[in-house]
Amino acid sequence: MLEWLVAVCIVILVVLIWPGSKYFGTESQPDALLQGLGISRQPAKERTAERWVSERGGTDGAQTASSDAGTGEKAPTVALICKPSALANYLLKHCRTFSNYSPCVGWTWRASGLLQSVYEACWPYDSPVQFVRDNLQLSDDGLVALDWAVPSYQKRRRTSSHSTSPVLLIIPNSFGKITRNVLKLCEAALSHGYLPAVFNRRSHNGAPLTTLKLQQFGDPGDLREAVRYIRYRQPAGRLYAVSESTGSGLLLSYLGECGSSSYVTAAVCLSPVFRCQSWFENGLCWPLQWALVLYQKMCLSRYRTVLGETVQTDTLFSSCSLRGLEEALFCQTAHKAAAPAAAAAAGTGSSSSNTSGSWDAYWERNEPLRDVDEVAIPVLSVCAHDDPVRGDTQSTLPLELFETNPHFFLLLTGHGGHCGFSTQSDGGAAGTVGPVGSAAGLSGGIGGPGNAWSHRALLEFFRATTDFFAAEERAKQLAARRRGLGGGSGGRVFRHRSVSTCKRVPACSHNIHAIYNWQRSYTR
């Protein structure tokens, strides 16, 4: 019912005050995408080596942005912004989906970033997948849930622990809403041989709240234990991760804190929100903010009585902004909330300073990019220039991160909205990519030609990074054998030693038996 109410409100807003000429582009402007980022099209000799942009031209596929300005190219529809590296070269060569994006243009609702976003978030979707839930009991007796996606026609509900199929961990948005985008991603993942698992935070998507603690925006503690469980259940399969929207804050926090011991091979952030404190402070346009605040209040209302022990519920449910909700949940407690009220009544003026201090301290602990230098795996971010949720591209995207850190790649499109990325034709690409090289499940109605472009791009990114690292590992082993054959008796000893023994022991321990065991869990 809430989805239909939000959709009706948005439609009324569009009909009354929608400036169509602003959002429905009927003609393209040269270099609009790159100029919006402050990247001018100058000759290659004047460019610095740190900024590398790959863009799609008219008919030549992937091209470099160092082309001369007078070539008469069409405006680019997608750009890959990254630091030059061997992996970046490999991605440009093998990821054809990156340069094969044809957004909808003209007077159609799919050309609007806002309408695409609302459609993907609110419109119902009859998915051909079903979910098998695992409720995981955490070390503090809290509960999170893992929903394993399986085809609806599949009789066998469980996957063997000896399966070598890769696992795709999907992290929804921070509000717990399972959108069309998540459901279609599960479809696409199943069609390419993955085992999709959706991570649900405490109290989200029907997961019971057994403690008074809710998960903070960028606290990866619960996710860390969930990853340990996945590794315990599927030890032979590679682990990949995908986050959606504000859920990217949790994924980036986890990758930064765990570093090389994250157990994740590669990760993708779909329409991420990077500068989260500013995002909460600046807010959204009032229809979107009103809808998100209402949805979060409805989800929290069932726990109003128990949350009253630690949270000032009157302040919580009277808040009209996302910042107000986040501040009431995590920056104020029931016994501390009376002090600011008394200070305000006495006119001392200390209320705002105390609140501001706790708010800043909260984001020092939860800012997703606080440990970004420790990320040790490839991370692809797929963003759109017209994203109405993230905001202005120039001020909300950390371009310097992608230009200087070799682990981060930004795939920026001119159109696509927030987790939308509608194209003129989505057919003909299903079943062509994936690390396992198969399209099992297509015959059963999973992963048809309607797969989103962003899903095809991320699956191709996973395949390419896996192939690249496999080739690198083979090259290292070959070099080790050659050194062993030419090194005499000392080389013979090294030849029989595993290359993996040279790796540094990770500082972040993942002792599954010390954290998780079957006696402390149950499955529903």
Practice problem: Give a yes or no on whether the backbone of Arg201 and the side-chain of Gln215 come within a donor-acceptor separation of less than 3.5 Å. | Solution: no

Practice problem: Please report the shortest heavy-atom distance between Phe330 and Leu214, naming the atom on each side. | Solution: CE2-O, 3.7 Å

Self-check item: Salt-bridge present (Glu326, Arg323; N to O < 4.0 Å)
Solution: no

Quiz item: Would a 4.5 Å heavy-atom cut-off, applied to side chains only, mark Leu325 and Phe175 as touching?
Solution: no

Exercise. Please lay out, stage by stage, how Trp290 and Leu284 fare under the test side-chain contact (heavy atoms from CB on, under 4.5 Å).
Key: CA-CA 9 Å; Trp290 172 81; Leu284 304 172; over 6 Å; no

Self-check item: Pro208 and Asn135, any side-chain heavy atoms less than 4.5 Å apart
Solution: yes

Quiz item: What pairs with Arg390 under salt bridge (Lys or Arg N to Asp or Glu O under 4.0 Å), at least two apart in sequence or on another chain?
Solution: Asp387

Quiz item: If every non-hydrogen atom of Asp386 is compared with every non-hydrogen atom of Gly416, which pair is closest and at what distance?
Solution: OD1-N, 3.1 Å

Exercise. Indicate yes or no: at least one non-hydrogen side-chain atom of Asn205 is less than 4.5 angstrom from one of Arg133.
Key: yes

Quiz item: Quick one: does Pro196's side chain get under 4.5 Å of Leu185's, heavy atoms only?
Solution: no

Practice problem: Measure the shortest side-chain to side-chain distance between Val389 and Ser271 over non-hydrogen atoms and say whether it is less than 4.5 angstrom. | Solution: no

Quiz prompt | Check: Lys297 side chain, Ser319 main-chain N or O, donor-acceptor pair, under 3.5 Å | solution = yes

Practice problem: Report the C-alpha separation of Lys184 and Glu187 in whole Å, then their side-chain angles, then the decisive distance to 0.1 Å, and conclude whether the salt bridge (charged side-chain N to carboxylate O under 4.0 Å, His left out) test is met. | Solution: CA-CA 5 Å; Lys184 291 193 291 186; Glu187 272 187 63; over 6 Å; no

Quiz prompt | Qualifying salt bridge (Lys or Arg N to Asp or Glu O under 4.0 Å) pairs with a residue from residues 259-283, counting only residues at least two apart or across chains | solution = Arg275-Glu400

Exercise. Check whether any side-chain N or O of Tyr119 sits under 3.5 Å from a backbone N or O of Gly420 as a donor-acceptor pair, and report yes or no.
Key: no

Practice problem: Please round to the nearest 0.5 Å and tell me the distance separating atom CG of Leu80 and atom CZ of Phe461. | Solution: 9.5 Å

Quiz item: Partners of Ser454 by side-chain hydrogen bond (donor to acceptor under 3.5 Å, both in side chains), sequence neighbours excluded?
Solution: none

Exercise. Take Arg370 and Ser253 through the test side-chain contact (heavy atoms from CB on, under 4.5 Å) and record every step on the way to the result.
Key: CA-CA 8 Å; Arg370 62 189 182 277; Ser253 297; 3.1 Å; yes

Quiz item: Ala266 and Val264: which non-hydrogen atoms are nearest, and at how many Å?
Solution: O-CG1, 3.2 Å

Quiz item: Rounded to the nearest 0.5 Å, how far does CG of Asp147 lie from CZ of Phe131?
Solution: 6.5 Å

Quiz item: Any side-chain donor paired with an acceptor under 3.5 Å for Arg238 and Thr466?
Solution: no

Practice problem: Could you tell me whether the side chain of Asp371 and the main chain of Glu374 form a donor-acceptor pair under 3.5 Å? | Solution: no

Quiz item: What pairs with Thr246 under side-chain hydrogen bond (donor to acceptor under 3.5 Å, both in side chains), at least two apart in sequence or on another chain?
Solution: Ser174

Self-check item: Nearest heavy atoms of Ser262 and Ile377, plus distance in Å
Solution: OG-CG2, 4.3 Å

Quiz item: Distance-only, no hydrogens or angles: does the Thr393 side chain make a donor-acceptor pair with backbone N or O of His385 under 3.5 Å?
Solution: yes

Quiz prompt | Leu169 and Leu223, any side-chain heavy atoms less than 4.5 Å apart | solution = yes

Quiz item: Hey, what do you get for CG (Asn405) to SG (Cys82), rounding to the nearest 0.5 Å?
Solution: 11.0 Å

Exercise. Taking the side chain as every heavy atom from C-beta outward, state whether Asp134 and Tyr229 have any atom pair closer than 4.5 Å.
Key: yes

Self-check item: Where Leu412 and Leu397 come nearest, the two heavy atoms and their spacing
Solution: CD1-CD1, 4.1 Å

Quiz item: Looking at Leu146, Val144, Ile178, which hits side chain to side chain contact (heavy atoms under 4.5 Å, CB included) with Asn200?
Solution: Ile178

Quiz item: Does any non-hydrogen side-chain atom of Leu369 lie less than 4.5 Å from one of Leu252?
Solution: yes

Self-check item: Pairwise salt bridge (Lys or Arg N to Asp or Glu O under 4.0 Å) hits with a residue in residues 258-274, at least two apart
Solution: none

Quiz item: Under 3.5 Å, side chain of Arg180 to main-chain N/O of Pro124, donor-acceptor pair present?
Solution: yes

Exercise. Output yes when a side-chain donor or acceptor of Ser381 lies under 3.5 Å from a complementary backbone atom of Cys269, and no otherwise.
Key: no

Quiz item: Which pair of heavy atoms, one from Ala267 and one from Leu251, lies closest together, and at what distance?
Solution: CB-CD2, 4.1 Å

Quiz item: With under 30° as parallel and over 60° as perpendicular, where do the rings of Phe280 and Trp363 fit, or are they tilted in between?
Solution: tilted

Self-check item: Atom pair OG (Ser243) and CG (Leu250), whose distance is rounded to the nearest 0.5 Å
Solution: 8.5 Å

Quiz item: Do the rings of Tyr240 and Tyr194 sit parallel, tilted or perpendicular, given the 30° and 60° boundaries?
Solution: perpendicular

Quiz item: Can you list every salt bridge (Lys or Arg N to Asp or Glu O under 4.0 Å) pair that touches residues 240-256, not counting sequence neighbours?
Solution: none

Quiz item: Between the side chain of Glu120 and the main-chain N/O of Thr179, is any donor-acceptor distance below 3.5 Å?
Solution: no

Self-check item: Between OG1 on residue Thr465 and CG on residue Leu87, distance to nearest 0.5 Å
Solution: 7.0 Å

Practice problem: Output yes when a side-chain donor or acceptor of Tyr254 lies under 3.5 Å from a complementary backbone atom of Arg224, and no otherwise. | Solution: no

Quiz item: Does Arg304 pair with Asp314 as a salt bridge, N-O distance under 4.0 Å?
Solution: yes

Practice problem: State, without any angle test, whether Gln277 and Asn366 hold a side-chain donor-acceptor pair at a distance under 3.5 Å. | Solution: no

Exercise. Can you measure from SG (Cys383) to CD1 (Ile81) and round to the nearest 0.5 angstrom?
Key: 9.5 Å

Exercise. Could you tell me whether a side-chain N or O of Thr413 sits under 3.5 Å from a main-chain N or O of His415, the two making a donor and an acceptor?
Key: yes

Quiz prompt | Parallel, tilted or perpendicular, as decided by the 30° and 60° cut-offs, for the rings of Trp453 and Tyr101 | solution = tilted

